[in-house]
Amino acid sequence: MVFKLGLAIASRATYTSKSLQLSRHCSSFPKTDNTFANGIQNDNKSLDFDFHHLFLSCPNAHFAKRLHGLLVLTGEAHNIFFSTRLLNLYSHLGDVSSSYLAFGQIRKKNVFTWNSMISGFVRNACFVEAVDCYYQLLGSSGIRPDSFTFPGVLKACVDLNDGRKVHCWVFKLGFGLDLFISASLIHMYTRFGLVGDARKVFDEMPVRDLGSWNAMISGFSQNGESAGALRVFEEMKLVGVKMDTVTVSSVLPIFGPLNDHVGGMLIHCSVVKHGFESDVFVSNALINMYAKLNNLRAARRVFDQMMVRDLVSWNSVIAAYEQHFEPHVALKLFLKMKSIGFQPDRLTIISLASVAAQCGSGHNGRSIHGFTIRRSWIAEDTIIENALVDMYAKLGHVEPALKVFEGMTRKDVISWNTLITGYAQNGLASDAIEVYDRMPGFGDIVPDQGTIVSILPAYSHVGALRKGMGTHGRAIKLGLHVDIFVGTCLIDLYAKCGELVEATSLFQEVPRRSSVPWNAIISGHGIHGHGDKSLELFKEMQDEEVEPDFVTFISVLSACSHSGLVEHGRHYFKLMQEKYGIKPILKHYGCMVDLLGRAGHLDAAYEFIKEMPFQPDSSIWGALLAACRIHGNVELGKVASNQLFVVDSENVGYYVLLSNIYANIGKWDGVDEVRSLANDRGLRKTPGWSSIEVNNRVNVFYTGNQSHPLSEEVYKELEVLLTKMKSIGYVPDYSFVLQDVEEDEKERILLSHSERLAIAFGIISTPHKAAIRIFKNLRVCGDCHNATKFISKIVDREIIVRDSNRFHHFRDGRCSCGDYW
DNA sequence: ATAGGGTTAG
């Protein structure tokens, strides 16, 4: 029975890829091995072979070699008919070199031979060789290419010049009207992005068959011209050409980019109507379409209903889950895929790299890297290497990311963007800036939207307003400033550098139908302590019917917490769930704990943590601990730190906070205890630093550091200021000094806090009355905050301090935060 | 004996 099936496939004749595909899917293939072997065995005695039959049932390259031997043995090797079939057989079985060897042995080649060789090369993706073969054919006397030659050659053209030359020959030999060739020409031109030339070929066709329509549709869709593809598709339906599975799999990819749910589903309906679901290409395209339309369930349903799945099906469904941040489902599917015998390919690996990053699994990440090395995909596949750089960066492993990047032979814009983003997202803004400055900016590597949105947050992070403005100019030159993401990053930059007015005016210019720019401007006002303005903007957003997302509520809630708007915060936390159906994530809870804690509702904050639906992490307990520091609650502070020393025992910040609480009430044994705890764990305090941009140069000051060229003058200035400050009522608050030392010493310690060094430097190195902008990596110290108020009055300057939390705008002896932060 | 147009990505 099975045997008959094998023969039936074979007897429908010819080694078209379709029949081979079918026979590969036929799990009973080994039986036909026997057919072949028996055929040889039986006929060997009489030396009378049915070569026809043997060709048709030859199962693999090994038997092809035996067949080859038999041909030689029986003197049939020079039969052009058989030898051409032999080279064809080899190429179908994936053995191009044997195919080419057989080709070389044929002394008198005819067009069939040449055509077979060319298409054999193409089938095995040896495009350069195929084109070469075509040129040899042109050069051999007495033989002309025929209509069968061109489709293969056109597919092989990796160079546009070759493509155009072949097109000329097509004209010269009078094949301009051949349908197969026309479709191939259309395909060739669209491969080089020349949709116009393709369209010209298409328009000049007096008759069009389905193949040329399909070529035109896919030509548009693959060049990102979804609307164009849709137009051709509609046109085709209008003239009454019936679509087939190829049409369907060519149009399906456009509905994702067009965000056209209805259109996509309509096609899905006709797929069902025509029974196209059984086509693997069609189902795969459906999975991808639904994934891009964010309809993960529909994508999964298509996948589950498939009878036959191929590697693309698995890759598609894995990528779908990966892109919807369900790495564990993706991983499970991958294991399943492997267990039924599918080997991962490059696309699987690209998804898996992201899956590993999302799981935070460094172990998986390294195995993926190892796998690509074993397959020698590394150093030759830019996309995979970019994926690896991205993976390592997201895992927080910056050094391996850099190593992969440096080892790349072909870096493109995305490689650079990925590395810049990688540094920026790991808090290494200055490294990000360094990489950006190193970026060539010519050739193929021209900064694009991705570059701008990766570097701007780095500038925002260190408050490098001047450099950021330079990039703003570059974005305008590149015409990228109209882009909504670039615009949003610029809003964020100006807001984070204290230029709220500039940020607001940019916001007015940016298209605001999406929540993205709104989120930026809301949080911008929030960090400046203008909570009321943030809420006003949120109302405006609702009035304009812009759908808020989870980021919007992080902005809103943190704005509430910066301004002490407790009741508003509670209200919006509820609203977000009840009206907008947004499930709060850890960050929202963090904002709420911060909000309640800072406002002094410490017990409420603690209750809130206890009622959280998931495990609180260090950010939650950290918020509670910080609140305990402000309100001097030792008991709860200890509870919070005990949790913190478990979940994030490596972070010194929390040890410092707790010892701060003890120092505040003069409990020096507590301070000592915490310090020795930190010492035992080998932890050292994160050095605090502050920076100030003067004359387009960033000056960095570390606490107590005297290495700055002007540090002597800086300390002199601070001494002068201190006397003046004291005369108008400044009293140092020694509770911010963690060392149990004499008061003189404490005063000196406070004086050498990095923010004060930076401010004093600003005073002596910028023009009279110019505003001073300081950036501090940690939170500003309470005594420095108080001192800065006095300084702003004495020197009559605006002093803007941005710390890791928010802005402090000092003017005339007051701070914009109203001492609430 | 030889031929076209199809799905997935950083």
Side-chain angles (χ1 to χ4, degrees), chain A residues 13-17 51-52 55 79-89 91 110-120 122-123 145-155 175 178-188 190 198 202 208-219 221-222 243-253 256 276 279-289 291-292 310-320 322-323 345-351 353-354 381-391 412-415 417-418 421 450:
Chain A
T14 73
Y15 291 101
T16 64
S17 53
F51 280 120
H52 243 303
F55 268 113
N79 178 329
I80 184 131
F81 180 81
F82 283 139
S83 49
T84 304
R85 290 194 66 170
L86 183 70
L87 74 93
N88 234 316
L89 177 60
S91 85
N110 60 18
V111 204
F112 291 96
T113 324
W114 286 99
N115 290 347
S116 296
M117 195 60 244
I118 292 171
S119 50
V122 173
R123 214 177 350 262
D146 68 0
S147 68
F148 282 79
T149 319
F150 291 107
V153 184
L154 284 166
K155 203 174 180 180
F175 292 122
D178 188 289
L179 288 172
F180 276 34
I181 296 177
S182 299
S184 304
L185 280 168
I186 294 169
H187 184 237
M188 185 270 294
T190 55
F202 184 71
R208 297 168 187 142
D209 70 344
L210 188 53
S212 30
W213 282 102
N214 290 343
M216 208 53 233
I217 292 170
S218 74
S221 108
Q222 281 169 355
M243 57 179 174
D244 68 351
T245 54
V246 179
T247 323
V248 172
S249 25
S250 310
V251 273
L252 279 174
F276 290 162
D279 187 279
V280 191
F281 279 86
V282 169
S283 285
N284 292 346
L286 279 169
I287 295 172
N288 286 304
M289 178 191 75
K292 290 232 173 67
D310 65 0
L311 187 54
V312 178
S313 327
W314 286 99
N315 284 349
S316 304
V317 77
I318 290 170
E322 174 261 307
Q323 276 152 17
D345 71 350
R346 326 172 106 83
L347 270 73
T348 325
I349 291 304
I350 290 164
S351 296
S354 175
D381 190 316
T382 309
I383 296 180
I384 286 191
E385 290 167 307
N386 290 345
L388 289 174
V389 173
D390 188 52
M391 178 192 78
D412 62 8
V413 206
I414 297 179
S415 323
N417 296 353
T418 310
T421 317

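Everything numeric here is computed off the predicted structure, so don't read it as measured data. To find a chain, count down the sequence lines: A is the first, B the second, and so on, and within it residues start at 1.
Within the nucleic acid shown, Thr84(A) comes within 4.0 Å of at least one base atom, counting heavy atoms only. Residue contacts for Asp412(A): at a heavy-atom cut-off of 4.0 Å it reaches a base atom on one of the strands shown. Counting non-hydrogen atoms under 4.0 angstrom, Thr418(A) reaches nothing in the nucleic acid. Val248(A) comes within 4.0 angstrom of no nucleic acid atom, judged by non-hydrogen atoms across all strands. Within the nucleic acid shown, Asp244(A) comes within 4.0 Å of at least one base atom, counting heavy atoms only. As judged by a 4.0 angstrom heavy-atom cut-off over every strand, Ile318(A) is placed among residues making no nucleic acid contact. Contacts of Thr348(A) with the nucleic acid, taken as non-hydrogen atoms under 4.0 Å apart, are absent. Note on Thr245(A): a base of the nucleic acid sits closer than 4.0 angstrom, heavy atoms only. Asn110(A) comes within contact range of at least one nucleobase, with a heavy-atom separation under 4.0 Å. The residue Asn315(A) sits close to a base: some heavy atom pair falls under 4.0 Å. If you check every strand for non-hydrogen atoms under 4.0 Å, Leu179(A) touches a base.
Of the candidates dA3(B), dT2(B), dG10(B), dT2(B) carries the atom nearest the Ser116(A) side chain, counting heavy atoms from C-beta on. Of the candidates dG6(B), dT8(B), dG10(B), dG6(B) carries the atom nearest the Asp279(A) side chain, counting heavy atoms from C-beta on. For Pro151(A), the listed nucleotide lying nearest its side chain is dA3(B); candidates were dG5(B), dT8(B), dA3(B). Among dT2(B), dT7(B), dG4(B), the nucleotide with an atom closest to any side-chain atom of Asp209(A) is dG4(B). Checking dT8(B), dG10(B), dG6(B) against every side-chain atom of Ser250(A), the shortest atom distance belongs to dG6(B). Side-chain atoms of Val312(A) lie closest to dT7(B) of the nucleotides dG5(B), dG10(B), dT7(B). Of the candidate nucleotides dG5(B), dG10(B), dT7(B), dG10(B) has the atom nearest to the side chain of Ile414(A). Here the side chain of Lys155(A) is nearest to one of dG10(B), dG5(B), dT7(B), namely dG5(B). If you check dG5(B), dT2(B), dA9(B) against the side chain of Gln323(A), the one that comes closest is dA9(B). Closest to the Val246(A) side chain, of the nucleotides dG4(B), dG10(B), dG5(B), is dG5(B).
Leu210(A) has its CG atom 11 Å from the C1' atom of dG4(B), to the nearest Å. In this structure, the CZ atom of Phe180(A) is 13 Å from the P atom of dT2(B), given to the nearest Å.
None of Pro151(A), Ser184(A), Ser147(A) except one satisfies the side chain to side chain contact (heavy atoms under 4.5 Å, CB included) rule with Asp178(A); the exception is Ser147(A).
Heavy-atom minimum distance, Ser316(A) versus Asn288(A): OG-ND2, 3.1 Å. Residue Phe175(A) comes nearest to Pro145(A) through the heavy atom pair CE1-O, 4.0 Å, listed as atom of the first residue, atom of the second, then distance. The two residues Glu322(A) and Ser351(A) make their nearest non-hydrogen contact at CG-O, 3.6 Å. Between Leu154(A) and Ile181(A), the closest heavy-atom pair is CD1-O, 4.0 Å.
An aromatic stacking contact links Phe148(A) with the base of dT2(B), defined here by ring centres under 5.5 Å apart and ring planes under 30° from parallel. Stacking here means ring centres nearer than 5.5 Å and ring planes tilted less than 30 degrees, and by that measure Phe112(A) stacks onto dA1(B).
Applying the side chain to side chain contact (heavy atoms under 4.5 Å, CB included) test to Asn115(A) and every residue at least two apart in sequence or in another chain returns Val111(A), Asp146(A), Phe148(A), Thr149(A).
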